[in-house]
Amino acid sequence: MYSSSEPQPLAIDVSEQRRLDLIAAEAGPAFRDPAFAENKTLPIHRWVPWVAGFSSGFVQDCLSAFLPLEGSEPKLVLDPFAGVGTTLVTAATAGHDAVGFEINPWAALASRAKSCSLNVDASELFELIAHYTDASKTDFREAEGSVPEGFISRIPFFSPMVESQVFGFLAYLRTIENQTLADLFRTAFGSVMVSFSNYTYEPSLSTRPGAGKPLIYDADVHGTVRRKLLSMLADIQTVQLEAHLQRAPDTKVHWLNFMQAADVMDRGSADVVVTSPPYLNNYHYIRSTRPHLYWLGLLSERKDFHILEEANIGKYWQTVRGKEQIVLEFGDRRLEDIIAQIRETRTDKGVYGGAGWANYVASYFNDSDKFLASLSYVMRPGAVAVIVVGNSIIQGHEIRVDDVLMRLGPANGFTPMRIEMLRTKRVGASITKSTVRRGDESPASLYESAVILRRDL
């Protein structure tokens with residue numbers, strides 16, 4: 001595997017590289033709008049609400065542009081940060097094999113359920129839904145239980161009349177022996193559970209009273225889950241009918257940090273990569289899915305939650321802000337200068353000022369370097385990676401993540417191809433306006449771009 005443990009000078013002139021990239025982009029592929037919102041109307045993709053990601057149309061464009069067409073052997077599409085499976089579902093629907101990595105157990109579950117749904121026996125799923133419909137009116141309508149150990153909330157997550165029905169569903173779930181169908185049921189429940197809880201997304205998880213909304217004292221839990229399952233069944237039938245697949249695609253979702261990819265993937269096995277790592281914006285994906293993790297039995301102890309935080313690329317500001325000064329593990333004078341400027345911003349605020357945020361930025365890019373090393377190991381020579389990232393504004397300092405990844409490419413076995421600008425306006429007021437994050441007001445605006453790297457031959 002390529003190692004980035006030794007500092008290496010990176011000589012690419014990014015300002016000139018950006019100019020050349022923009023010129024090259026005029027002759028390159030035109031990607032569709034990557035906004036995740038498109039997925040809300042597409043079969044299977046729309047099953048699980050998610051706060052980030054890209055559209056299925058964008059993935060289709062990437063596969064069309066960079067997936068080799070020669071030969072009859074199945075092609076392998078890789079997403080190291082699978083999220084809820086947009087890349088994997090799009091690849092499988094097109095008949096390609098796919099593999100994804102995801103450290104968030106709830107996202108990994110949803111990604112696995114969605115990407116494997118093309119191989120589900122629709123009639124068997126229909127019969128199970130019918131059985132659940134009857135059972136939810138009798139033996140499994142309500143049940144006794146206790147709040148999952150390790151789950152703590154400011155107010156009761158479910159009101160008592162709702163909670164008894166939730167325990168009824170979970171009791172029924174334990175009777176399903178077919179793991180694939182059980183995953184579909186768990187995904188259905190997880191996708192709707194917040195809707196009958198006393199919490200809401202605004203966009204981060206918060207109490208309903210805190211968002212000016214009333215508590216939910218009662219709700220038809222089983223009816224809500226049943227309607228979701230029927231909608232999922234209809235999507236499966238639609239996609240299976242329209243896909244016309246000659247073979248069942250092989251899809252795998254590893255609940256694993258991608259830095260460990262060499263343990264489960266062969267060297268040089270991926271034909272194309274389409275992915276989007278967590279942005280440098282400190283959005284706490286793990287914390288926002290705590291109810292799903294505990295109520296679906298994906299986590300059992302609080303220490304497991306902290307392990308996931310440490311596994312996230314860049315960790316989180318909350319996990320690294322109080323540590324000793326974190327330095328870059330590779331040579332990049334421009335980035336070092338920006339980090340030094342951040343560290344000297346608002347020094348009177350302690351870890352809440354520049355020092356804590358400088359640690360977060362350094363940690364993020366150290367992990368980014370390791371990510372590229374792992375990526376280089378599993379990609380075949382000549383394969384292309386499309387990495388969607390956004391710039392960030394921290395303590396009033398703009399950080400162009402795409403430029404940094406382009407500079408990191410050569411040291412990890414990649415030839416930088418270009419940066420493709422995707423959106424010049426991006427929502428992110430919490431980064432630019434927050435008094436915790438901003439320092440001085442920045443004139444920069446947020447954007448998204450695709451960093452396109454080719455694995456060296």
Side-chain angles (χ1 to χ4, degrees), residues 36-51 53 56 83-86 89 104-137 140-143 157-159 161-176 178-201 205 208 216 218-240 288-289 291-298:
F36 186 75
E38 173 193 305
N39 291 357
K40 295 178 181 178
T41 63
L42 297 178
I44 298 181
H45 291 285
R46 61 188 173 193
W47 287 2
V48 179
W50 202 240
V51 296
S56 176
V84 292
T86 299
V89 173
N104 186 318
W106 159 236
L109 166 65
S111 183
R112 182 171 64 246
K114 290 166 65 178
S115 59
C116 294
S117 63
L118 290 177
N119 302 325
V120 167
D121 185 331
S123 61
E124 188 177 356
L125 176 58
F126 174 79
E127 291 177 0
L128 185 59
I129 295 173
H131 183 269
Y132 165 63
T133 299
D134 292 337
S136 66
K137 297 175 182 177
F140 292 93
R141 172 162 177 75
E142 297 179 345
F157 192 76
F158 296 117
S159 296
M161 287 187 289
V162 174
E163 191 175 81
S164 63
Q165 295 180 67
V166 168
F167 288 133
F169 169 80
L170 295 177
Y172 182 83
L173 182 63
R174 291 190 288 271
T175 70
I176 302 176
N178 184 305
Q179 185 60 51
T180 300
L181 297 183
D183 282 350
L184 289 172
F185 268 64
R186 289 198 293 171
T187 300
F189 176 81
S191 69
V192 298
M193 62 182 289
V194 174
S195 69
F196 43 73
S197 77
N198 289 321
Y199 278 69
T200 182
Y201 284 110
L205 191 67
R208 289 179 62 85
I216 295 179
D218 197 8
D220 183 5
V221 171
H222 295 293
T224 303
V225 174
R226 182 175 64 252
R227 286 188 293 272
K228 183 67 178 184
L229 284 166
L230 290 173
S231 175
M232 291 167 61
L233 173 61
D235 281 358
I236 291 172
Q237 292 173 319
T238 297
V239 173
Q240 287 182 347
S288 290
T289 57
H292 307 76
L293 300 178
Y294 285 102
W295 282 92
L296 286 170
L298 301 170

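Values in this document were obtained by computation on a predicted structure and should not be read as measured data.
The shortest side-chain heavy-atom distance between N104 and L293 falls under the 4.5 Å cut-off. At a threshold of 4.5 Å between non-hydrogen side-chain atoms, the residues F158 and Q165 do not count as touching. The closest side-chain heavy-atom distance from D220 to F196 is not below 4.5 Å. Two residues are said to be in side-chain contact when any heavy atoms from C-beta on lie closer than 4.5 Å; P291 and L205 meet this criterion. F185 has its side chain within reach of L128: a pair of non-hydrogen atoms, C-beta onward, lies under 4.5 Å apart. In this structure, the side chains of M232 and L125 stay at 4.5 Å or more apart for every pair of heavy atoms. V221 is not listed as a side-chain neighbour of F167, based on a closest heavy-atom distance of 4.5 Å or more.
Checked against side chain to side chain donor-acceptor pair (under 3.5 Å), S159 has the following partners two or more places apart in sequence or in another chain: N198. Residues satisfying the ring-ring contact (aromatic ring centres under 6.0 Å, His included) test with Y172, not counting sequence neighbours, are H131, Y132, F140. Considering only residues two or more places apart in sequence or on other chains, T238 meets the side-chain contact (heavy atoms from CB on, under 4.5 Å) condition with E242.
Minimum interatomic distance between D121 and S123 (heavy atoms only, all atoms of both residues): OD1-OG, 2.5 Å. Taking every heavy atom of both residues into account, L42 and S56 meet most closely at CD1-CB, 3.8 Å. Of all the heavy atoms in S288 and Y201, the pair that sits closest is O-OH, 2.6 Å. Considering all non-hydrogen atoms of both residues, I216 and S197 come closest at CD1-O, 3.4 Å. Here the shortest heavy-atom pairing between A188 and L229 reads CB-CD2, 3.6 Å. K114 and H45 get closest at one heavy-atom pair: NZ-O, 3.4 Å.
In this structure, OG on S117 lies 3.5 Å from CD1 on I44, to the nearest 0.5 angstrom. Put simply, CD1 on I236 and CG on L184 are 5.0 Å apart, with the number rounded to the nearest 0.5 Å. Atoms OG1 and CG, on T133 and L230 in that order, are 6.5 Å from each other to the nearest 0.5 Å. Residue L109 holds its CG atom at 6.0 Å from CG of L298, rounded to the nearest 0.5 Å.
Annotation: salt bridge (charged side-chain N to carboxylate O under 4.0 Å, His left out) contacts involving residues 181-196, sequence neighbours excluded, comprise R112-D183, D183-R186. Among residue pairs with one or both ends in residues 228-237, those qualifying as side-chain hydrogen bond (donor to acceptor under 3.5 Å, both in side chains) are R46-D235, W47-D235; sequence neighbours excluded. The ring pair (Phe, Tyr, Trp, His ring centres under 6.0 Å) contacts involving residues 105-129 comprise W106-H292, where partners must be two or more places apart or lie in separate chains.
Within the 3.5 Å criterion, the main-chain N or O of S111 finds a donor-acceptor partner in the side chain of S115. With hydrogens and angles ignored, the 3.5 Å screen pairs a side-chain donor or acceptor of H222 with a backbone N or O of R141.
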